[in-house]
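Indexing begins at 1, ligand by ligand and atom by atom, following the structure's order. Here the structure is a predicted model, which is why all the values come from computation and not from measurement. Just so you know, residue 1 is the first one in the sequence shown, and it goes up from there.
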Amino acid sequence: MAEENKSSLDALSALCKRRGFIYHSSEIYGGMPGFWDYGPLGCELKQNVKQAWWQFTVRGREDVAGLDATIIMHPKIWKASGHLDTFADPMTMCKDCKKLMRADQIKDIYADQKKKPQPKVAGSDFFCPYCGGELTEPKPFNLMFKTVVGPIDDPSNVAYLRPETAQAIFAQFLNVLSTSRQAVPFGIAQMGKSFRNEVTPRNYTFRSREFEQMELEFFIRPDEAIELQYGHVVTLADNPDIDGPVQDDWGWEVWHKYWVEQRKRFLNAVGLPTEHFVEYWQKPDELAHYARACVDIEYDFPFGRQELEGIAARSDFDLSQHQKHSGVSQMVFDDPLKQAAKKLDDAARSAFIEKTKSEWVDRRQKALSAKAGREIVLSAEEVEEIKSAAQKFCLNLFDGKYIPHVIEPSAGVDRLMLALLCEAYEEQRLTDEKGKDDIRTVLHLSPKVAPVKAAVFPLIKKDEAQMKFARDLFEKLRRKFNVQWDVSGAIGRRYRRQDEAGTPWCITVDEQTTKDGTFTVRERDSMEQKRMTTAEFLAMAYEALEF
Ligand code: ATP
């Protein structure tokens, strides 16, 4: 985006409304905060973003399978995942204007205000950013939307709209494993709607109440299983080649970094240059208690640097929770691991168990200390508990059994679309042939995601031969990708309409076309024109559209 300020977001949202990318949901009834509809161009862009992700993450790989699960699932899933107990934001209300807001967003809301209110209670630093009134104590507010399944409105029938797509993947892990001919390490991917009753949806589509996610759960072996089978675990310190083929002896750290790099590659491929986003590695005290590492990929939106997506190393937390709450074992059986363990004598097994015990105690102690910001000493009871869990884990490993760990790249469709639109939007100051100042509004979207790939214009409507060639070409192209037909107005105006839609190629059929079959192809960003045949155009377009 040319100018990185609020007004450029206003200009972008005006264009999105005017050209049919994004509308307020239920607009004729006054709209609904946090809900957005995608119009004719927006839904094409969205389809393309999702298809690109699916191609990159699922179809383009041999080790990932897809899933399309329901939005409403058994409520116990949300108990097991922790969403029922802890998926909450701190909410506060102004005692004067009665506005509700997230306590942790007050500073940001205040910064957005044109007129900055002063606190009504002198000296207070916790006051309403809208009117300066006194605020209530923040209270946790669960973000899940509740609904009732069946005709009886009873607490026993309460269910929830999923707040993330990931949990269905864990709940269907065993089914996919047994029906997809995959073995760990492998992934399950899902795209679809998620719902969060965000207290303060804001920044256009960035924080919505209904949105779509694209999530991958990539299941890997615990490092201890790799150690047992290969006698070593590859870590980042070994400087592995993560751009090459994946390797069986990679530990979680390498897999995590591998997926961070894969996600960056994807973002580049759909049009976000690496220098426009940053990798934020969460600090040990910011990590969820079960997470080993988490990277947020952040983008410089016009309203500030914000999370675009996250890549988390979540240990075996999720499947273990589902095992505990469902009573169904989530362990996999790994025969080569069992065969490797068989070769160990009793002394080697005991040494392995002791090493694992001390590593687990050490890891828990370090994680708790990092969270607390001071040295935490575990009680003797806690140490015993960890050691006994480690012993049980090792005995299962010797039998070739373990609960897989997981790396989770989790992205938002709407957030990525917003980033792509912000990145693409430009108002260019040009001078027309008569020397007059002119503004060209253009969306520099990558051809891979652009809603319309090409537009076909016959130069002269009244010329039958031109019209016939152009229409035949249009019919031929539309069977391959999304193409528009435009015969109205001067060519310059037709170009501008397509520039605003982000169409990479405009094809003009003219007098010469009817003689030699070539037409002009005007490239959106450079505005250069080249004569091409249909075959030349298709070869060029296919190359640009391929992943
Ligand atoms: P945030 O801190 O911004 O609320 P989060 O850390 O809770 O996000 P996750 O639960 O990790 O987000 O969700 C994964 C991805 O889903 C996010 O990176 C984002 O792209 C998308 N996402 C999450 N919440 C929303 C929302 N309310 N609106 C649009 N996209 C969202």
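No hydrogens or angles considered: nothing links the side chains of Gln306 and Glu298 as a donor-acceptor pair under 3.5 Å. In the model, Trp360 has a side-chain atom that pairs as donor or acceptor with a side-chain atom of Glu224 under 3.5 Å. A donor-acceptor pair shorter than 3.5 Å can be found between the side chains of Asn268 and Thr274. Side-chain contact, Ser410 with Glu215: a donor N or O sits under 3.5 Å from an acceptor N or O. When only modelled atom types and interatomic distance are considered, Gln167 and His322 share a side-chain donor-acceptor pair under 3.5 Å.
For a heavy-atom separation below 4.0 Å, the residues in contact with ligand 1 are Arg196, Glu198, Phe206, Arg207, Ser208, Phe211, Gln213, Glu307, Leu308, Glu309, Ser410, Ala411, Gly412, Arg415.
Remark: the backbone N or O of Ser156 is paired with a side-chain donor or acceptor of Asp154 at under 3.5 angstrom.
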